[in-house]
There are 2 protein chains.
Amino acid sequence: MPRQTKAPPDPFLKSLDDIRAEGFSPDNCPIRDVMSHINDKWSVLILIALQDRPHRFGELRRALADISQRMLTQTLKGLQREGLLSRTVFPTTPPAVEYALTPLGLSLLPALGAVIRWAEANQATIHAARAAFDEA
Amino acid sequence: MPRQTKAPPDPFLKSLDDIRAEGFSPDNCPIRDVMSHINDKWSVLILIALQDRPHRFGELRRALADISQRMLTQTLKGLQREGLLSRTVFPTTPPAVEYALTPLGLSLLPALGAVIRWAEANQATIHAARAAFDEA
DNA sequence: CGGGATCCTATTGGATACTG
DNA sequence: CAGTATCCAATAGGATCCCG
């Protein structure tokens, strides 16, 4: 059954109907599949921290300032599993471990930047919306 | 100020290009402040579902296919609080409630679209990375 | 220095029953 | 139809101790 509604002024996104028409079900949805692994509390912040240069474990911990050691280890492992960053061990004493964006991770940054710039540009508007909602 | 190769002296993250020069602390970070409210399991999918036209409650539920009624209500309320969508009640019997993107919500879609297109384009690469990681 | 292992709490989210 | 209310399971995430 075709969609009888008009198309959006700019085709920013496929509709859920279109996604479904391509054979994606809730169990096979690229949005859920990919985004559910970077939607956690720290992943995006870590990717941003690594955008300019590699960081060692302790450097990252200081850069994020309020992340627990457990979550830093765990999130780094998750991002490495997704192929977004690499982990390099230098066998010095004590050992040094360097985390860096992979080309795949680097390729995600422009898209993330669009969301981040939107967040920064609209933060005040959102705060106003929250206040108005909470008042009612 | 030219970019330097050593770590910044403070624990503040630097963001992408045009906000890179702006320091922010964990307590005043637009990324955390804004994104922490839409990085849940359903918010992005709901925004996508509403991109073309408003939806009623039951329509949305069918569109998302596997969302519980509780989470749909809760996520819609959250997005309304952020000012991303509007809720309109038509006093018919039985009542009809229509959810629609606000201009603010609509303005977020291009940025989200960039991430989603990245996810679709790189899903296979990510699956390969996961398989390689899990094998080791 | 860079973690691993363990314990604990807080939050998320699903299932179900009920309502105007 | 569009929710609310309640209970419960699963997960996320912090604190602490330990080790090579």
Should B:L60 and B:L50 be marked as a side-chain contact (heavy atoms from CB on, under 4.5 Å) after you check the CA-CA gap, both sets of side-chain angles, and the distance that decides it? CA-CA 8 Å; B:L60 274 174; B:L50 293 178; 4.0 Å; yes
Side chains of A:N122 and A:T125: donor-acceptor distance under 3.5 Å anywhere?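 A:N122 vs A:T125: no donor-acceptor pair found between side chains.
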Of the listed nucleotides ([options]), which one gets closest to any side-chain atom of [X]?
| X | options | value |
| --- | --- | --- |
| B:F57 | D:dA2, D:dT4, D:dC7 | D:dA2 |
| B:S68 | C:dG14, C:dG2, C:dG4 | C:dG14 |
| A:T73 | D:dG13, C:dG4, C:dG14 | C:dG4 |

Euclidean distance, atom [atom1] of residue [X] to atom [atom2] of [N] [Å, nearest integer]:
| X | N | atom1 | atom2 | result |
| --- | --- | --- | --- | --- |
| A:L76 | C:dC1 | CG | P | 16 Å |
| B:R70 | C:dT11 | CZ | P | 13 Å |
| A:N39 | D:dG13 | CG | P | 11 Å |
| B:L45 | C:dG13 | CG | P | 12 Å |
| B:L72 | D:dT4 | CG | P | 11 Å |
| B:R61 | D:dT4 | CZ | C1' | 13 Å |
| B:Q74 | C:dA15 | CD | P | 15 Å |
| A:K77 | D:dA12 | NZ | C1' | 16 Å |

Any donor-acceptor N/O pair, A:Q51 side chain to A:I48 backbone, under 3.5 Å: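 Yes; judged by distance alone, with no hydrogens or angles, the pair exists.
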Assign each of A:T75 and A:P94 to its nearest nucleotide of DNA chain D by heavy atoms, then name whichever residue's nucleotide is nearer the 5' end.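 Whichever sits nearer the 5' end wins; that is A:T75.
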Starting at the 5' end of DNA chain D and moving along, which residue's nearest nucleotide shows up first, A:P95 or A:I67?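 Here A:I67 is the residue nearer the 5' end.
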Starting at OG of A:S43, measure out to CG of A:L84 and round the result to the nearest 0.5 Å.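 Separation between the atoms: 8.0 Å.
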So, OP1 or OP2 of D:dA2: does either fall under 4.0 Å of a side-chain N or O from B:R56?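 Yes.
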Check the phosphate of D:dA10 against B:K41, side-chain N and O only, distance under 4.0 Å to OP1 or OP2. Yes or no?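 No.
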Step by step, work out the side-chain contact (heavy atoms from CB on, under 4.5 Å) result for B:F133 and A:K77. CA-CA 10 Å; B:F133 183 90; A:K77 203 175 300 182; 3.7 Å; yes
Which part of the nucleic acid, if any, lies within contact of B:F90, taking any heavy atom under 4.0 Å across all strands shown: a base, the sugar-phosphate backbone alone, or nothing?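 The answer is nothing, as B:F90 stays clear of every strand by at least 4.0 Å.
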